[in-house]
Amino acid sequence: MTRDSRGNWFLAGFTLLVFILLYGPIFVPIASSFFALKQGVVNWQQPTTLAYVTLASNEGILVALRNTMIVGVSAVVCSLILGMASALYFNSGRSKGRALLQFIIFLPFLMPPIITGLALLIYFREIDFDRSLVTVIIGHTVFVLALVYRTLLVRLQSLSRSLVEASYDLGASGFQTFRYVLLPNLTSAMIGAGVLAFALSFDETMITLLVTGTDNTLPTRLWAMMRLGFTPDINALVAVILALTTLMCLLAARYLMPRESTGT
Amino acid sequence: MSTDKLLLELKAVSKSFGSTNVLAHIDLAVRDGEFITILGPSGSGKTTILRMIGGFESPSSGQILLDGADISPLPINKRPFNTVFQDYALFPHMTVAANVGYGLKVRGTKNAEITDRVSQALALVQLADFAGRYPAQLSGGQRQRVALARAIICRPRLILLDEPLAALDVELRRHMQLFLKDIQREIKTTFLFVTHDQEEAIAMADRICVMNAGHIQQLGSAHEVYYRPANEFVARFFGDNNLIEGRLQETVDGIRWIETPLGRLACAIDGQAGVAAASLGARAFAAFRPESLSLTPTGHASENATRGCITALSFAGAHTLANVAVDAAEPLSLRLRLPSRVEGVAVTPGMIVDLYWRAVECRLVLV
C-alpha cells in the first residue's frame, strides 16, 4: 500500500464526523437515563438509577413489555412456519403461481407500514373481528414474513439440489427428507431469521397502533408516555429497548453469517 | 460377470425440455451384472438417460422396463436403484457412518443391523477408520468412496454413476477406475456409468454406449467401438484415427475395396453386415488407426501401402506421433504413431516414408 496518508486521515476524520452526527443522538437518552432529571433538564452532576427503579415499578410498562414478548414470540413462530412452507414450495419448481406468491409475501415489507396497517384494520372491521393482541400478532406476522421467507429461501437455494435428490434416491419420503436433510441445514437460518423477525416485531409501532384494541405493546406505550410529558422512565426505556435490540441483532448476525466452509 | 439376462430396457424413450429435444427414440438394454458406460460429449443426453432411469426426470415418451415391467409410475424413492452423484451429494451435517447408513435408516432398519452393514460397506471401500468423520474432513477420493458405500449399502439392482470421477485429478482417477471395477466384480451389481472420457470408458466398461446429439451412435464392447466404429462420429470421437473418404467397390473374399485419393484400399468387413450390404459406388470412409501403420511391409497377403513425407513429429513418451503428407490426387495428411527409440527416432521431418497397413486394420465407415 502506497496510498497518500493525508487522504486516509481525511477519510477517517470524515467518517468519524458522520458517525457522531448520525449515531451520536442515540446515546444521549442512554447517558441521560443515568442522571437525575428536574423539570425536563438533565442534571449531569447527579448520577442516579432512579429512572430504572421507576420503570421497574411502572405497571403499565411491565404489561406492555409482556404484550410485546407475547406478540413477538407468536409472530416469530407463525412467520417461521409460514415462511418455511412458502420457501419449500417456491423452491420445489418454477411457475407463475410461485412468482405471484413470492410477490405477495414481499408486498407488506415494501409498502409503507401505515398502508398495511390500514388495510388490516379495514379488513378486521369488515369481518367483525375484534381487535386484540391476536390482530396485532396477525399484523406483525404479515409484516415480518417477507424477511423470514427470504432468509430461509436463500439458505434453501444455497443447498445443492442433489442433496434432496440423494435423499429420495436412498429411499427417503418427502417428510424424512425434510426432517433429516433440509431441517438440520436450515437451523441456523431459522434462528437468525427468528431473531431478526423478533427485533422487527419488538419495534413495530405503526401497524400495532392501527390494529390493536386496548392492549399496549412497548412501543405504543412509549408513544403514549411521550404525549403526557418527558419523564425519566422514557430515557430508561429507550436504553432498555436499544440494549435488547442490539443484543438480538448481534445474535442474528452470529447465526446468519456464512459458517466456515463445510466443503461440498 | 454379466449374463444375457436383461435387467433394464429403454424402449423408444424420448425427452424434450420445452422445444429442445434432448433424446430421440432411445432403445437401450442393460444386462444383469454388466458394467455399462454411456459415453458422449457434453450435451449428448447421456446424463438425461441416467436421470430418467433414476426417476429424477420422466421421459416425454417411451417406456423404461425393469424385469419387463414399466417403472414409469414408480417415484425415485421406490426404485431399486441408487445413484453416485457428480458432486457426491454427501449430507454435510452427518458423519460418514450416518451418510452411509441413511438409506437403511429411512427404511426403518434396526440400529444393530445398520451398524453392521455400515461397517461392512465402509470396509469394502477401505474407509473403516473414517466412520466418525464429516464429509468436509475428507479428501475428494474419500468422499467419492463414501458416496459409493452409501449407494451400495441398500443392495440396489442397479447403481447409477453420474461422471463421479470428473472432479478428481488424473492419478486418482486412474486409481478409482480400477477400484470401481473391482468393487463391481465383488458385489456383482450392475453399474451404469456416465462419462465424457473415452479412456475412462475403455478402462472400465464391459459395453460402451456412445451418444451424440440425443442419439445412440454405437453400442458394443470397447474393442468393437474402437476398431469397428459404426459411423464417422464414433470413428473421430474415439481416439486418434485416419479417415479417408472414397467410393465403395466390390467385395472379394471378405475384403471390400474402396476407391480413394490414396488409391484402391482393401478393408476387412467381418462383423459389419451393413458395410457388406452397402451398394457399389456408395460413399464411405476407410478408417485406420495411427498405430496400425508400419514403415515396413507387414508380410500379410492383403495390405495397403502409400508413400508420403513426414511434416511434423511430436514425442509423447512411449510413442512418437508424426504427420505424413501424402502426395495424392488431393493433399492428404495421415497420422502415424511409432514406438519411441532411445537413440533417436526412426524418422525425421522431411523424410520420405512408405507406409503399410493390413486390410484387417482398415475398416469401412459408411457416410
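The structure displayed is predicted, hence computed values, not measured ones. Lettering of chains follows the sequences in order, A, B, ..., and the numbering in each one begins at 1.
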Of all heavy-atom pairs linking B:Ala89 and A:Leu163, the shortest is O-CD2, 3.6 Å

Are the side chain of B:His93 and the backbone of A:Leu182 linked by a donor-acceptor contact shorter than 3.5 Å?
-> no

Q. Does A:Arg98 CZ have over 12 foreign heavy atoms under 6.0 Å away?
A. yes

Across all chains, not counting sequence neighbours, the salt bridge (charged side-chain N to carboxylate O under 4.0 Å, His left out) partners of B:Arg117 are B:Glu113

Under 4.5 Å to a heavy atom of chain A? For B:Phe81 that would be backbone

### Message
Is it the case that over 12 heavy atoms from other parts of the model lie below 6.0 angstrom from the CZ atom of A:Phe175?
### Response
no

Point to revise | Short side-chain to backbone donor-acceptor contact, B:Asn77 and A:Asp169, under 3.5 Å | key: no

On a heavy-atom basis, the closest approach of B:Met94 and A:Tyr180 is CE-O, 3.5 Å

Ranking B:Lys105, B:Gln86, B:Arg79, B:Gln137 by heavy-atom pairs under 4.5 Å to chain A gives rank one to B:Lys105

Is any side-chain heavy atom of A:Ser173 closer than 4.5 Å to one of B:Val106? no

Side-chain (B:Arg107) to main-chain (A:Leu170) donor-acceptor, under 3.5 angstrom: yes

Hits for ring pair (Phe, Tyr, Trp, His ring centres under 6.0 Å) against B:Phe91, two or more places apart or cross-chain, chain-then-number order -> B:Tyr102

- Determine whether B:Asp162 and A:Ser162 make a side-chain contact, defined as any pair of heavy atoms from C-beta on separated by less than 4.5 Å. no

Practice task
Decide if atom CD1 of A:Ile114 counts as having more than 12 heavy atoms of other residues, nucleotides or ligands within a radius under 6.0 Å.
Solution key: no

